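This report concerns only the one structure given below.
The model shown is predicted, which means the values in this text are computed figures rather than measured ones. No hydrogens, no waters, no symmetry mates; every other heavy atom, side chains included, goes into these values. Position 1 is the first residue of the sequence; numbering continues from there.
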Amino acid sequence: LDDAERAGVAAAEIAAERARAMLGTSSTLVWHQKYRPMIKWLHRALEQAEVAADRASEAHAYYLLDWALGEIGDPMAEHYQRLAQPIYEELGDYTGLANVLNNLGVTSFGVGRWDECTHFMEDSLRARRRAGDVVGMAQCSHNLAEVLGEQGRFEDAELHLREARRVWRSS
């Protein structure tokens with residue numbers, strides 16, 4: 001690499017570190033329910049992730065933007081949720097994908113789109129399985145049981161609840 005190429009690589013690495021630091025700040029703000037400052041940090045993180053071509057940070061920023069915007073009732077939330085999903089699929093990040101699919105299911109549940117919700121929850125469960133996240137699979141099973149119970153599908157819901165309880169007890 002020549003000097004210009006090395007400088008470009010260094011600039012991208014710095015931008016990636018900045019993006020990750022800003023995502024860390026945003027992740028802290030979400031637990032304090034400080035959504036508006038969080039959104040500002042996320043937009044800055046997204047800019048840095050794009051400069052660095054850091055797809056993982058970009059997906060995480062989209063995921064957190066969905067969360068923050070959803071909490072304040074901004075309709076742009078689902079837009080960002082949809083942007084994160086294909087990146088997580090591209091990266092093979094099944095944990096990130098499962099989180100997005102679960103949230104899409106919760107969004108569908110909230111507006112009464114039962115079939116869509118069930119589909120997302122089942123996809124989230126499959127993604128957790130691919131990630132090897134057994135405890136996360138139990139949480140997905142619990143979420144799916146809640147939806148099935150609301151639909152009056154009590155026997156199906158009970159199977160999922162029993163599986164979740166089994167995993168939680170053993171873990």
Which atom pairs, one a donor and one an acceptor, fall under 3.5 Å between side chains of residues 107-121 and the rest of the protein, sequence neighbours left out?
residue: Thr107; atom: OG1; partner: Asn103; partner atom: O; Å: 3.0
residue: Ser108; atom: OG; partner: Leu104; partner atom: O; Å: 3.0
residue: Ser108; atom: OG; partner: Glu116; partner atom: OE2; Å: 2.6
residue: Arg113; atom: NE; partner: Glu116; partner atom: OE2; Å: 2.9
residue: Arg113; atom: NH2; partner: Glu116; partner atom: OE2; Å: 3.0
residue: Thr118; atom: OG1; partner: Trp114; partner atom: O; Å: 3.0
residue: His119; atom: NE2; partner: Asp123; partner atom: OD2; Å: 3.0

We want to know whether Gln81 and Gln85 form a side-chain donor-acceptor pair, criterion being a heavy-atom distance below 3.5 angstrom.
no
How long is the gap from CH2 on Trp67 to CG on Asn99, to the nearest 0.5 Å?
9.0 Å
As an exercise, state the distance from CG of Leu148 to CG of Asn143, rounded to the nearest 0.5 Å.
11.0 Å
Flag side-chain contact, heavy atom, 4.5 Å: Tyr62 against His79:
no
Check whether more than 12 heavy atoms from other residues, nucleotides or ligands sit under 6.0 Å from atom CD of Glu155, and answer yes or no.
no
Among residues two or more places apart or on two chains, list those pairs meeting salt bridge (Lys or Arg N to Asp or Glu O under 4.0 Å) that have a residue in residues 95-106.
none
As an exercise, state the distance from CD of Glu50 to CD of Gln48, rounded to the nearest 0.5 Å.
10.0 Å
Of all the heavy-atom pairs spanning Arg20 and Ser57, show the shortest one and how long it is.
CG-OG, 3.5 Å
What's the separation between atom CD in Glu71 and atom CG in Asp66, rounded to the nearest 0.5 Å?
9.5 Å
Show me the donor-acceptor pairs within less than 3.5 Å that the side chains of residues 30-47 make with the rest of the protein, sequence neighbours left out.
residue: Trp31; atom: NE1; partner: Ser27; partner atom: O; Å: 3.4

side-chain contact (heavy atoms from CB on, under 4.5 Å) between Val167 and Met137, intermediate numbers included:
CA-CA 9 Å; Val167 170; Met137 287 171 54; over 6 Å; no
d(Cys140 SG, Asp133 CG) to nearest 0.5 Å is 8.0 Å
